[in-house]
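Notes to accompany the following structure.
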Amino acid sequence: MYSANGPVRSMKDWLEYGIGFLEAHQIQDARTDAWILMEYTANINKSYYYMNMHEPMDAGDAEDYALLIHRRAEHIPVQYLTGEAWFYGRSFRVNESVLIPRQDTEVLVEEALKRIQPGMRVLDLCTGSGCILLTVLKEAQVTGVGSDISQEALLVAELNRKRIGVQANWIQSDLFENIGGRFDMILSNPPYIQSAVIDTLDPEVREHEPHIALDGSEDGLLFYRRIVEEAPSYLNPGGWVCMEIGYDQGQDLKGLFAENGQYTNFELIRDLSGLDRVVCAQLKGE
Ligand code: GLN
């Protein structure tokens, strides 16, 4: 079969073309990503594909698909191309103003849920896409505020709030700067990568994810220092701080909470790979 522009290719031909093109450009999950872009541009699922893979792909869809394959080959993360990322079993909108939600961060949500009681008031600092707060609000009977220094990030968080279908308030703020009142739990996945390490990360992260969401200053600990120091003024007695950390920051965080003197019940929690990933500590009671 031929069209004016050359051979008409089947969906299978296009999928294989995409996989080959991404592999040739050293894209790690070439097969998965080519499939995600096929599913997105042709608006199909796997069963439709397997029943129709030898049929010609719609010309407009094929053009969109080829364009996105080429953009993915330039190391743009697939989630920014489709505008969608999955977190805790739900779909979130993302763009280059927010960090792409990571599976590791689900450990923070789980630890928060273990400590949450109905009626608590939760604050999520550096909320980005809002994935942490919105998941907690969906899973538990609590109220919540999310803050971020980036107004663009809060626009994404608000899109996600509507998508997930919960109530939440957003405050543009550099950590606690514009936050008022007290909370029962403060959550955060703050920027925690050492500035000098950012240049060594995958091009997907280094060139496309927002550096303000990644850069934790020279030693990576700037945001943790500020949060550990200021959180007691925003927590009710017995309130929790739970934060995601880098795999090698557990002892530093233990030190920060201990030095402060106002916390108890420090815990270090590992992710599915067995690496330190989350810290929780409780403000001492009255
Ligand atoms: N809270 C968001 C997340 O975990 C964004 C974190 C960030 O920007 N550092 O994905």
Side-chain angles (χ1 to χ4, degrees), residues 77-80 83-113 122-139 144-161 163-164 166 168-176 179 183 185-195 197-198 201-202 204-217 220-227 231 241-247 249 253 269 271-272 275 277-280:
V78 73
Q79 295 91 338
Y80 289 148
E84 179 185 45
W86 288 83
F87 184 76
Y88 215 86
R90 297 186 184 93
S91 157
F92 286 79
R93 300 307 304 261
V94 292
N95 63 26
E96 298 205 8
S97 300
V98 299
L99 200 77
I100 298 166
R102 304 294 204 270
Q103 202 181 356
D104 290 336
T105 307
E106 295 180 350
V107 179
L108 173 58
V109 169
E110 271 164 13
E111 292 304 318
L113 292 174
V122 178
L123 171 65
D124 178 28
L125 298 171
C126 314
T127 199
S129 64
C131 63
I132 297 169
L133 182 72
L134 296 171
T135 303
V136 164
L137 291 172
K138 191 77 181 173
E139 298 285 331
V145 174
S147 83
D148 204 285
I149 196 168
S150 157
Q151 190 61 43
E152 290 77 27
L154 293 180
L155 292 175
V156 178
E158 175 58 12
L159 281 180
N160 284 322
R161 186 193 67 74
R163 197 174 171 89
I164 303 296
V166 291
N169 292 314
W170 308 116
I171 299 177
Q172 186 187 9
S173 178
D174 178 6
L175 294 185
F176 294 101
I179 305 295
F183 297 84
M185 180 175 274
I186 296 174
L187 301 174
S188 189
N189 175 22
Y192 60 69
I193 297 169
Q194 294 171 25
S195 307
V197 171
I198 293 183
L201 302 175
D202 289 344
E204 276 78 356
V205 181
R206 182 180 81 216
E207 289 167 21
H208 299 285
E209 295 205 83
H211 281 204
I212 56 162
L214 299 168
D215 193 338
S217 83
L221 300 171
L222 174 71
F223 294 88
Y224 298 120
R225 277 199 203 88
R226 290 178 56 191
I227 294 170
V241 178
C242 295
M243 300 186 284
E244 179 171 326
I245 58 163
Y247 71 95
Q249 293 174 322
L253 266 290
I269 298 110
D271 62 22
L272 297 173
L275 302 171
R277 186 57 63 194
V278 168
V279 289
C280 288

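Please read all numbers here as calculations on a predicted model, not as lab measurements. Start at 1 and go down the list; that is how both ligands and their atoms are numbered. Atoms considered below: every heavy atom in the structure, side chains included; atoms not considered: hydrogens, waters and symmetry mates.
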> Heavy atoms, side chains only, cut-off 4.5 Å: are Y192 and L253 in contact?
Replying inline: no

> Among protein heavy atoms, which lies nearest atom 10 (O) of ligand 1, and at what distance?
Replying inline: C131 SG, 3.5 Å

> Just wondering, do I132 and T127 contact through their side chains at under 4.5 Å, heavy atoms?
Replying inline: no

> Taking non-hydrogen atoms only, is C126 closer than 4.0 angstrom to ligand 1 via side chain, backbone, both or neither?
Replying inline: backbone

>> I need the contact type for S188 against ligand 1. Using non-hydrogen atoms and a strict under-4.0 Å cut-off, is it side chain, backbone, both or neither?
In response: neither

> If you draw a 6.0 Å radius around CD in Q103, do more than 12 non-hydrogen atoms from other residues or ligands fall strictly inside?
Replying inline: no

> Side chain, backbone, both or neither: which part of N189 comes within less than 4.0 Å of ligand 1 when only heavy atoms are counted?
Replying inline: both

> In terms of residue, atom name and distance, what is the protein heavy atom nearest to atom 8 (O) of ligand 1?
Replying inline: A213 CB, 3.2 Å

>> For ligand 1 and P101, I'd like to know whether there is a polar contact (N/O to N/O, distance under 3.5 Å).
In response: no

>> For a quick test of reading the model, state the closest non-hydrogen atom pair linking A168 to L133 and the distance between them.
In response: CB-CD2, 4.2 Å

> For ligand 1, is there an N or O atom under 3.5 Å from any N or O atom of T105?
Replying inline: no

> Near T127, which atoms of ligand 1 are under 4.0 Å from a heavy atom of that residue?
Replying inline: 1 (N), 2 (C), 5 (C)

>> Please determine whether a side-chain nitrogen of the Lys or Arg among E139 and R90 lies less than 4.0 Å from a carboxylate oxygen of the Asp or Glu.
In response: yes

> So Y224 and Q249, side chain to side chain contact (heavy atoms under 4.5 Å, CB included) or not? Walk me through it.
Replying inline: CA-CA 10 Å; Y224 298 120; Q249 293 174 322; 3.6 Å; yes

